[in-house]
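Data first, discussion second: the structure below is written as structure tokens.
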Amino acid sequence: MRVDVVTVFPEYLAPARLSLLGKAIGAGTLQLHVHDLRKWTTDRHRTVDDTPYGGGPGMVMRPDVWGDALDDVLESLSPETRIVVPTPSGIPLTQRRVEDYAQVPGLVIACGRYEGIDARVWQHFSKRFAVDELSIGDYVLAGGEVVSLVILEAVARLMPGVLGNEASAADDSFAQDRPGGALEGPVYTKPRSWRGLDVPTVLTGGDHGKVAEWRLQQSLRRTASNRPDLGLGTEEITGQ
Ligand code: JBB
């Protein structure tokens, strides 16, 4: 698939060329195109922002600069391309949505800075493309660049041949087939005893039924403790 990222900090995307993502780019599985938004400015100071109408703190990114940038970037792209706009006010990124993105021909990720991008940009481009305002959590970042790295990595590891171990992608926290969407439990490897701490004996006993039962219990306990919002109460663990 093809991903275009538009940003005032194109160097921020350099880590995408490393590791698993870099391998996907090298193999041609992922085509990454990073664009400097300032290329579409027309004034001497290469201005991308201005003061907000109605008052308030900070600056807002100008619609004219973003409009010209997206006209050019989208020109040659499939109409099935999704426009993704990182914003703390967006819909939550979930593994389900990552799986959906992995199926489309391309994404254009529009990275805002300051207090965000003039809302008319999305009014305009949603006439021709699906636009997703997207949040990766309930906190505020300084810009959408880190969000674009998150999306790229989450999507790339689902592409054929990227992970190497095709089993791992399906069997992790947030896998849709885990009972009730519970989290993964703790994991262990050698040595069996480390700094006086032993691996739980059930994992070394060779009874695969007991191992599965123990892992389910650990998974539900961790989910109830760390993620009460996922709606798996302690009754699923204690049976009461
Ligand atoms: C960003 C977090 C954007 O779009 C907005 C907005 C508000 C505050 C800051 C930003 C910068 S971009 S992506 C995730 C922040 O409303």
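The first residue in the sequence is number 1, and the count goes up from there. Both counts, for ligands and for their atoms, begin at 1 and track the order of listing.
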Donor-acceptor contact present, side-chain Thr94 to main-chain Arg97, <3.5 Å: yes

Ligand-residue contact atoms, ligand 1 with Pro86, heavy atoms, under 4.0 Å: 13 (S)

Residue and atom name of the nearest protein heavy atom (relative to atom 5 (C) of ligand 1), distance in Å to one decimal: Thr87 OG1, 3.2 Å

Ser89: numbered ligand 1 atoms lying under 4.0 Å from its heavy atoms: 16 (O)

Nearest non-hydrogen protein atom, atom 14 (C) of ligand 1: Pro88 CD, 3.7 Å

Pair Arg227 + Asp229: basic N to acidic O under 4.0 Å: yes

Protein residue, atom and distance nearest to atom 10 (C) of ligand 1, heavy-atom basis: Tyr114 O, 3.3 Å

Distance filter under 4.0 Å to Gly116 heavy atoms, resulting ligand 1 atoms: 3 (C), 4 (O)

Taking distance alone, no hydrogens or angles, what donor-acceptor pairs closer than 3.5 Å link side-chain atoms of residues 48-61 to residues at least two apart or in another chain?
none

Salt bridge Glu184-Arg222, side-chain N to carboxylate O under 4.0 Å: no

Presence of salt bridge, Asp72 and Lys39, under 4.0 angstrom: no

